[in-house]
2 protein chains.
Amino acid sequence: MSLDPDMFPSYCPSSVPVRIGDKWTGMVIRCLEGGPRRFGELRVPLRRVTPKVLTETLRAMERDGLVTRTAHDENPPRVVYELTGLGRGLLPLIDAVGTWCENNLDALLRARERHQGLRPTAPAMQ
Amino acid sequence: MSLDPDMFPSYCPSSVPVRIGDKWTGMVIRCLEGGPRRFGELRVPLRRVTPKVLTETLRAMERDGLVTRTAHDENPPRVVYELTGLGRGLLPLIDAVGTWCENNLDALLRARERHQGLRPTAPAMQ
DNA sequence: CGGCCCAGTTTCCTTGAAGTGACCGGCGGG
DNA sequence: CCCGCCGGTCACTTCAAGGAAACTGGGCCG
C-alpha cells in the first residue's frame, strides 16, 4: 500500500453518511490493511488527525482487540500497530460501505441540494 | 413487521462498534423496512428516542433522500414516512453490520474485558 | 367548556468527541 | 552544547449530538 497523503480526500465517503466506529477507526483499518505500520506512518495518510486523537483511536481499537500495539525498546522509539483477525474482519464491511458511497453519494448530494432552504432544522410549519 | 417494543435492546449491536450515520438512522431504516410508518408508529419500537431527536433524524434523512415524508391534511394530523430506493439500498449494509456484530461482538467484549485497567486513556508509559 | 389526539416545537442542559498548541525524555549526531 | 527524532502527553477550548420536560394548534368529541 502506498502512503498516498491524499488517500482520504476531505470529502471522505466513509464519513457521509456511514461511519465505522468513531470518526477515524475505519480509516485506520484501511491504513493497516497492507500490513503493520508505525505511528508516524499512520500520520502520513491521516494528516488531518492530530496525534492526540490518533492515539485515542488506536488505544480504543487496541482495547477492543482490533489492533495490536508493539513497542520496541529502541532509540528513537518504534511502535508498530497491526490488525488482528477481528480487525481484519471489518474490512469487508468497510469495503461494502465504500462501494455504497461510490455508487450513491452523488444521488445523496443531489437530494441534499434539492432540499436547500426547504424544511430547515426548525421548519416554520404553519 | 411487528412493532415489538424490544426490537432494539439497550445493547444494540449497531451502536458498538459500528454505526450507520447518526445514532438512530440505522434503526429508523430497519423500522421502515416493512413499509411506510407514521411518526407515532416509529416511536413505539424507538421508545428510547425523544420526539425531538426522532424529528431531527427524520428531517436529515429526508434531506438526504433516504426517506419521504407525506403529511396528510387531516385531523388529527397524519404524517407517513417511507423509505426511498436510496434508503432501501442501505439495508444490505445494515444487515452486514448486524451479522458482523452477531458473530464478533462477543470477541470484542472479551477483549475489552481483558484490557480493563491496562493502558487507560492516559497510560503511564515510563 | 374542557379535554384529547397527533405530530411535532421550544427551551434548557449535559456529555463527549475532537481540535489546538505546548511540552517531554532519552539518545545520537553535528 | 544543543538540536532533532519519535511517540506520544497535558491542559485547555470548542462544538454538536443528544436528552428532559413542558408546551402548541386546531379540530372533534362529550
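Naming: A, B, ... by sequence-line order, numbering from 1 per chain. We use all heavy atoms of the structure for the numbers below, so side chains are in, but hydrogens, waters and symmetry mates are not. Since the model is a prediction, treat every value here as computed from it, not as a measurement.
- Listed nucleotides: D:dT9, C:dA18, D:dC6. Nearest to the side chain of A:T55: D:dT9.
- Taking the side chain of A:R69 as heavy atoms from C-beta on, and the options D:dG8, D:dG7, D:dA20, the nearest nucleotide is D:dG8.
- With distances taken from any side-chain atom of B:P77 to the nucleotides C:dT9, C:dT20, C:dA7, the minimum falls on C:dA7.
- One finds no side-chain N or O of B:R38 lying less than 4.0 angstrom from the OP1 or OP2 phosphate oxygen of C:dC6.
- If you take CG of A:D22 and P of D:dA16, they are 19 Å apart, rounded to a whole angstrom.
- Under the 4.5 Å side-chain criterion, counting only non-hydrogen atoms from C-beta, B:R37 is not in contact with B:L83.
- Of the residues listed (B:V67, B:T68, B:D22), the one engaging B:M61 in a side-chain contact (heavy atoms from CB on, under 4.5 Å) is B:V67, and it is the only one.
- For the pair A:L46 CG and D:dG7 P, the interatomic distance rounds to 14 Å; values are reported in whole Å.
- Under 3.5 Å, the side chain of A:K52 and the base of D:dG8 form no donor-acceptor pair of N or O atoms.
- Atom CZ of B:R37 is separated from atom C1' of C:dA7 by 17 Å (rounded to the nearest Å).
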Verdict with reasoning, A:R78 to A:H72, per side-chain hydrogen bond (donor to acceptor under 3.5 Å, both in side chains): CA-CA 5 Å; A:R78 189 164 60 93; A:H72 300 261; 3.2 Å; yes
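- Atom pair A:E56:CD and D:dG8:C1' shows a separation of 12 Å (rounding to whole Å applied).
- Atom NZ in A:K52 sits 5.0 Å away from atom CD in A:E56 (nearest 0.5 Å).
- B:E74 places its CD atom 14 Å from the C1' atom of D:dC28, with the value rounded to the nearest Å.
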Atom pairs and distances, donor-acceptor, side-chain atoms in residues 86-93 of chain A, under 3.5 Å, two or more places apart:
{"residue": "A:R88", "atom": "NH1", "partner": "A:E33", "partner atom": "O", "Å": "3.4"}

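- Annotation: of the two residues near DNA chain C, A:V49 and B:G40, the 5′-most nearest-nucleotide partner is B:G40.
- In this structure, B:E113 places its CD atom where only 12 or fewer heavy-atom neighbours from other residues, nucleotides or ligands lie under 6.0 Å away.
- Put simply, CZ on A:R48 and CG on A:L54 are 13.0 Å apart, with the number rounded to the nearest 0.5 Å.
- Between B:F39 and B:P51, some side-chain heavy-atom pair lies under the 4.5 Å cut-off.
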Nucleotides 22-24 of chain C: which of its N/O atoms have a protein N/O under 3.5 Å away?
none

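- When the side-chain nitrogen and oxygen atoms of B:R78 are compared with OP1 and OP2 of C:dA7, none of them lie within a distance under 4.0 Å.
- Side-chain proximity of B:V79 to D:dG8, C:dA7, C:dA18: nearest is C:dA7.
- Taking 4.5 Å as the limit, some side-chain heavy atom of A:I94 sits within range of a side-chain heavy atom of A:R30.
- By the 4.5 Å heavy-atom criterion applied to side chains, B:V49 and B:V28 are not counted as neighbours.
- Contact annotation: A:R59 reaches the phosphate of D:dT9 (side-chain N/O to OP1 or OP2, under 4.0 Å).
- One interatomic measurement links the two molecules: NZ of B:K23 to P of C:dT15, which rounds to 13 Å at whole-angstrom precision.
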Can you tabulate the close N/O pairs, meaning under 3.5 Å, that link protein atoms to atoms of nucleotides 27-30 of chain C?
{"residue": "C:dC27", "atom": "O4'", "partner": "A:N75", "partner atom": "OD1", "Å": "3.3"}

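- Protein atom CG of A:D73 is 12 Å distant from nucleotide atom P of C:dG26, rounded to whole Å.
- In this structure, the CD atom of A:E41 is 16 Å from the C1' atom of D:dG8, given to the nearest Å.
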